[in-house]
Amino acid sequence: MREYNPQSLDRKWQKRWMETDAFEVTEDPSKPKFYCLEMFAYPSGHAHVGHVRNYMIGDVMARQKRMRGFNVLHPFGWDAFGLPAENAAIKQGVHPEKSTLANIAHMKGQLQRLGISYAWNREIATCLPEYYKWNQWLFIRMFERGLAYRKRSTVNWCPSCQTVLANEQVVEGGCWRCGTVVGSRNLEQWFLRITRYAQELLDATDRLTGWPEKVLTMQRNWIGRSEGTRVTFPLLAPGASAPPAGLRPDDAPDIEVFTTRIDTIYGATFVLLAPEHEWIERIADESVAPEAFRQHVQRFRAQDRTARLTGQIEKEGFFTGRYAVNPFTGRAVPLWVANFVLGEYGTGAVMAVPAHDQRDFEFARKYSLPVDVVIQPEGEGGGRPPLAAEMMTEAYEDPGRVVNSGEFSGLWSTDAIAAMADTAEARGVGARTVQYRLKDWGISRQRYWGTPIPMIYCGHCGVVPVPDDQLPVVLPTVSEFTGRGDSPLAQVPEWVNVTCPTCGGAARRETDTMDTFVDSSWYFYRYCDPRNDSRPFAPSAVNYWCPVDFYSGGVEHAILHLIYSRFFCRVFRDLGMVGHDEPFTRLLTQGMVLKDGSAMSKSKGNVVDPDDMVGRYGADALRLYVMFVAPPENEIEWSDAGLEGSARFLARVWRLVDQWCGALEGRNAPAPGGLSLTEAEQALRRVTHDTIRRVTHDLDPRVHLNTVVSALMEMVNELYAFSEAHTHTGAPSRRPMGEAAPVEERLETLSVLKEAVEALVLMLSPFTPHTAEELWEMLGHQGGLTAAAWPSYDPVVARSSEIVVPVQVNGKLRSRLTVPLDIVEDELRELALADAAVRVHTSGRTVHKVIVAKGKLVNVVVK
RNA sequence: GCGAAAGUGGCGGAACUGGCAGACGCGCCGGACUUAGGAUCCGGUAGCCGCAAGGCUAUGGGGGUUCAAGUCCCCCCUUUCGCACCA
């Protein structure tokens, strides 16, 4: 009897895999490819089991695909730039590069001790110049195509991280990383024009059939397409409160509003401007009290974002003293500034229809502005009195019948929208437009630990990209980290001051760095050709491996990373470098691992370190437990007891194989046809083949990893029962230590067992590779599991020749019949009716109908 | 408020296109082997009634479709997640 010592097996096989480059791959057009990817890791220091769950899921998929004959690319790397390393530098004085590389080394060891089958030769780290050089290269290509541009704008500012945040990085008004309430600043920033692809990104979500619906919904909402009309409200001159008949003051600007409900425009009794509206300054100047006006605006701007996140912020506004003309009614309507109107959406101005928009309604009531009903609900079966402005307590926002709207009165809302948009276009006072919530992506960060933006500012030539042959712009070594909020790179004059590449005059470098989400938007392409030093990657390599076939990671990246990557994919496509539209074919969002009811974190002190568990039970028990406890998408609650259960199961498998491997040596699997098998032998064969069938399907299209494990557990239970019946001394454990098992010698028994045990070990191997390798070797196989093929099943063998058919009477189970698989329907019906238990429930009643569901059940309907 | 997903034993979860609800594991109970066992093996374990055979009730609640519903349809409740003044 051999002792099961998982830790020593871990070491033995990890060493073997390393020495033989077992998981390294090259492009091989003769084999089908499979690109299996887990989201790369932020090198925070130590991986906990919540992190590594994802890698285990990917590893099961990768290993299984390899055995099924695929050429599998399964790489790993490090999302190594970012704030935490820099913040640590500010606090502890350790240079970010040093701490990052040390963290990478530690975490890599953790993953290797779990036996994750990565192609480590392809490892990348985004903080290395050989990687970020290509961020810079791509940025310049985008600049050349108008996809990267610079503008001054109000941006989200995290006062704690001291940097700009993209819209996507503001979560409920707080910083996505530290939670601090986000403020705003007005800065010159670099933007990537993701909005150019807004429509395409939206349309393509329908074709992402391998993605969770939840993620697609989030992305669609984020892109936020809405169709409407832009309508012009001419602004009257200061002091004017009625349109001068047929006359427009030439110098007065027009107020453009965006509306999705042009059908309500006859009810637009005032117009609201955002505090950020482009003409606020001018209107303030022209007002009777410019100072008071500006103070109001300032107050609203300060409220913006900060007060808003706490929920309902009080709707406030003030009258500008000016009027604009409603182009449909021809009447002058007052122009107000309101704190709830967003400067960054639509035109920054809205027509207010208090009768049919709740916000406008509240605003109108507060300031006693007129409410005009122009939509009447269609009464269902009557009696409901029509809406009357003075009786309303809230806005009526649903569609309805248009009233008091001139020639459009009587139309249904949806028809009115079309008719009124046509009219607006014909009269030149409006145009149909599409608005998106998606904004261009601001990528400038006033921080050190990131990719320098490869731009140079020259007094003569303006903004000039760094020439390709001078890339990478290497991040200079900075020794002092203050966290002051100005770009640390600005402190390095010898780096900042350069000569202009165009005119040779004195110039300065851009001192901001890129958002780290740039790094992660294309890293999956770099793995395909990770050491290329002349291009980001060779298109041929990417076009062999990509798109990624299976991608797994946390839902927290449902918007940010996944939408940016889809954007970058299209940029590379339009550069002619990749031949696909979508980077990730199948996406799995894995659930978190909770401990004591909450997500693991250092601050809560509830982290489970995989190394501790590996030390106690070995890598395989941990892997098996995490895969078994719940479907990969679910959250799981960490349980030491569950882990012990998995360890027990592996020991059970070990004892089984250990008992039989000697006797099985040199046996052959049963020949097709199986001839003279006993009933028990046939039953075991059926279990073997049926388990292979179930496991194979649950693994591949379905990715139900927990049921794969339970199927294997059932098989082991069957094997124990079989084994017990075929040994002279009974269960393996009853045997005295060190004594050889006296086993059955019947040839057929051994063949059937061999087939079963080998299939078991093979199917277990993606989950518990170390144990499986050892068992495979004990079964007499050379060359390891990397050379072994996934077991195949014979559907005929997997089916039993006899089936058990439940028989119901009036839908209640009353009996079971064991019948031949190929029994004809009539015969089955007769057998069911003749069954004693059935007759008890049918006697004295008339059989109304007998339903025979082929191969499934019989239902006798009686009255 | 809008959108999405989900509610199944003490617990995690099975049940692929409507067809035996509760697979598998954890926990618990009992037995075997043992000086001992927290090792191992075997058995039991949704609830209620019954000595038993068996019967009845059960998949958040209420209706419906169907021979048959955890699964499909309608209404309600709860939970989780996402978006949140987007005009």
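Chain naming here is simple, since letters A, B, ... match the order of the sequence lines and numbering starts at 1 in each.
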Chemist: Closest approach to the side chain of A/Leu857, judged atom by atom: which nucleotide of B/rC16, B/rG19, B/rC41 is it?
Modeler: B/rG19

Chemist: Would you mind telling me which of B/rG12, B/rG19, B/rC86 lies closest to the side-chain atoms of A/Lys856?
Modeler: B/rG19

Chemist: Which nucleotide wins on minimum distance to the side chain of A/Asn717, given the candidates B/rG25, B/rC16, B/rA87?
Modeler: B/rG25

Chemist: Whether A/Arg437 engages the ring of A/Trp222 as a cation-pi pair (distance to the six-membered ring centre under 6.0 angstrom, angle to the ring normal within 45°) should be assessed.
Modeler: yes

Chemist: Looking at RNA chain B, which of residues 631-645 of chain A put a heavy atom within less than 4.0 Å of it?
Modeler: A/Pro631, A/Asn634, A/Glu635, A/Ala641, A/Gly645

Chemist: Indicate yes or no: at least one non-hydrogen side-chain atom of A/Thr842 is less than 4.5 angstrom from one of A/Arg839.
Modeler: yes

Chemist: Among B/rC85, B/rC42, B/rC67, which is the nearest nucleotide to the side chain of A/Asn859?
Modeler: B/rC67

Chemist: Sticking with atom C1', work out how far B/rG55 lies from B/rC2, rounded to a whole angstrom.
Modeler: 50 Å

Chemist: Taking atom P in both B/rC26 and B/rU40, compute the distance separating them and give it to the nearest angstrom.
Modeler: 10 Å

Chemist: Please measure how far the P atom in B/rC72 lies from the corresponding atom in B/rA4, and state the result in whole Å.
Modeler: 16 Å

Chemist: Nearest to the A/Glu724 side chain among B/rC42, B/rC86, B/rA4, which nucleotide is it?
Modeler: B/rC42

Chemist: With both distances under 3.5 Å as the test, what is the Watson-Crick or G-U wobble partner of B/rU65?
Modeler: none

Chemist: Using atom CE of A/Met713 as one end and atom P of B/rC24 as the other, report the distance to the nearest whole Å.
Modeler: 11 Å

Chemist: Got A/Val703 and A/Asp698 here, is their nearest side-chain heavy-atom distance under 4.5 Å?
Modeler: no

Chemist: Sort out the partner of B/rC2 for me: Watson-Crick or G-U wobble, both distances under 3.5 Å, none otherwise.
Modeler: B/rG82

Chemist: Between B/rC11 and B/rG7, how many Å separate the two P atoms, rounded to a whole number?
Modeler: 15 Å

Chemist: Determine whether any donor atom in the side chain of A/Asn221 lies under 3.5 Å from an acceptor atom in the base of B/rC83, or the reverse, and answer yes or no.
Modeler: no

Chemist: Looking only at the side chain of A/Trp222 (C-beta and beyond, no hydrogens), which of the listed nucleotides B/rC83, B/rC41, B/rA87 gets closest?
Modeler: B/rC83

Chemist: A/His356 vs A/Tyr396 aromatic rings, parallel, tilted or perpendicular, using cut-offs 30° and 60°?
Modeler: perpendicular

Chemist: Give me the distance, rounded to whole Å, that separates B/rC28 from B/rA39 when you measure between the P atoms they each carry.
Modeler: 10 Å

Chemist: Salt bridge or not between A/Arg686 and A/Glu718? Use side-chain N to carboxylate O under 4.0 Å.
Modeler: no

Chemist: Could you measure between the two P atoms, the one in B/rU45 and the one in B/rA69, and give it in whole Å?
Modeler: 26 Å

Chemist: Report the C-alpha distance between A/Glu314 and A/Lys366 in whole Å, list the side-chain angles of each, state the deciding distance to 0.1 Å, and finish with yes or no for salt bridge (Lys or Arg N to Asp or Glu O under 4.0 Å).
Modeler: CA-CA 11 Å; A/Glu314 178 73 14; A/Lys366 178 167 182 170; 2.7 Å; yes

Chemist: Under 4.0 Å from OP1 or OP2 of B/rC56: is there any side-chain N or O of A/Arg814 that close?
Modeler: yes

Chemist: Among B/rC24, B/rA84, B/rU40, find the nucleotide with the atom closest to the side chain of A/Ser710.
Modeler: B/rC24

Chemist: Which way is the base of B/rG30 turned, syn or anti, if we draw the line at 90° from 0?
Modeler: anti

Chemist: Check the distance between B/rC16's P and A/Asp700's CG and give it to me in whole angstrom.
Modeler: 19 Å

Chemist: Looking only at side-chain N and O atoms, does A/Asn706 come under 4.0 Å of OP1 or OP2 in B/rA14?
Modeler: yes

Chemist: With the side chain of A/His841 defined as its heavy atoms from C-beta on, choose the nearest nucleotide among B/rG13, B/rC41, B/rG55.
Modeler: B/rG55

Chemist: Could you please name the partner base of B/rG70, counting Watson-Crick and G-U wobble pairs only when both distances are under 3.5 Å?
Modeler: none

Chemist: For B/rG19 versus B/rG70, give the span between their P atoms, rounded off to a whole number of Å.
Modeler: 9 Å

Chemist: Are A/Arg359 and A/Phe340 in a cation-pi setup, meaning NZ or CZ lies under 6.0 angstrom from the ring centre and within 45 degrees of the ring axis?
Modeler: no

Chemist: Starting the side chain at C-beta, find the nucleotide from B/rG19, B/rA87, B/rC85 nearest to A/Gln808.
Modeler: B/rG19

Chemist: OP1, OP2 of B/rA4 versus side-chain N and O of A/Arg220: anything below 4.0 Å?
Modeler: no

Chemist: Under 3.5 Å for both donor-acceptor distances, Watson-Crick or wobble: does B/rU45 have a partner, and if so which one?
Modeler: B/rG27

Chemist: Return the 5'-most residue of the pair A/Leu813, A/Glu213 with respect to RNA chain B, ranking by each residue's nearest nucleotide.
Modeler: A/Glu213

Chemist: What is the base-pairing partner of B/rA87, counting Watson-Crick and G-U wobble geometry with both distances under 3.5 Å?
Modeler: none

Chemist: Can you tell me if A/Lys849 touches the phosphate of B/rC67, counting only side-chain N or O atoms and a distance under 4.0 Å to OP1 or OP2?
Modeler: yes

Chemist: Considering just the side-chain nitrogens and oxygens of A/Arg652, establish if one lies under 4.0 Å of OP1 or OP2 belonging to B/rC42.
Modeler: yes

Chemist: Is it the case that A/Asn859 and A/Arg814 place a side-chain donor and acceptor less than 3.5 Å from each other?
Modeler: no

Chemist: If the P atom of B/rU8 is compared with that of B/rG62, how far apart are they to the nearest Å?
Modeler: 16 Å

Chemist: For B/rC86, does OP1 or OP2 lie under 4.0 Å from any side-chain N or O of A/Arg359?
Modeler: yes

Chemist: Just N and O in the side chain of A/Arg230: are any of them under 4.0 Å from OP1 or OP2 of B/rA87?
Modeler: no

Chemist: Across all strands, who's sitting opposite B/rA36 as a Watson-Crick or G-U wobble pair, both distances under 3.5 Å?
Modeler: none

Chemist: In this structure, how many angstroms lie between the C1' atom of B/rC67 and the CZ atom of A/Arg829, rounded?
Modeler: 13 Å

Chemist: Could you identify the nucleotide paired to B/rG50, looking across every strand shown and requiring Watson-Crick or G-U wobble geometry with both distances under 3.5 Å?
Modeler: none

Chemist: May I ask you to test the A/Asp372-A/Tyr266 pair for a side-chain heavy-atom distance under 4.5 Å?
Modeler: no

Chemist: Less than 4.0 angstrom between a side-chain N/O of A/Arg648 and OP1 or OP2 of B/rC26, yes or no?
Modeler: yes

Chemist: For A/Lys812 and for A/Pro806, locate the closest nucleotide of RNA chain B by heavy-atom distance; then report the residue assigned to the nucleotide nearer the 5' terminus.
Modeler: A/Pro806

Chemist: Is there a side-chain polar atom (N or O) of A/Tyr345 under 4.0 Å from OP1 or OP2 of B/rA87?
Modeler: yes

Chemist: Flag yes if more than 12 heavy atoms outside A/Arg365 fall under 6.0 Å of its CZ atom; otherwise flag no.
Modeler: yes

Chemist: Using purine N1 to pyrimidine N3 plus N6-O4 or O6-N4 for Watson-Crick, or N1-O2 and O6-N3 for G-U wobble, each under 3.5 Å, what pairs with B/rU17?
Modeler: none

Chemist: B/rG13, B/rC81, B/rA23: which one has an atom nearest the side-chain heavy atoms of A/Lys214?
Modeler: B/rC81

Chemist: Residues two or more places apart in sequence or in another chain: which of them pass side chain to side chain donor-acceptor pair (under 3.5 Å) with A/Thr589?
Modeler: none

Chemist: If I take atom CG in residue A/Leu438 and atom P in nucleotide B/rA84, what distance separates them, rounded to the nearest angstrom?
Modeler: 13 Å

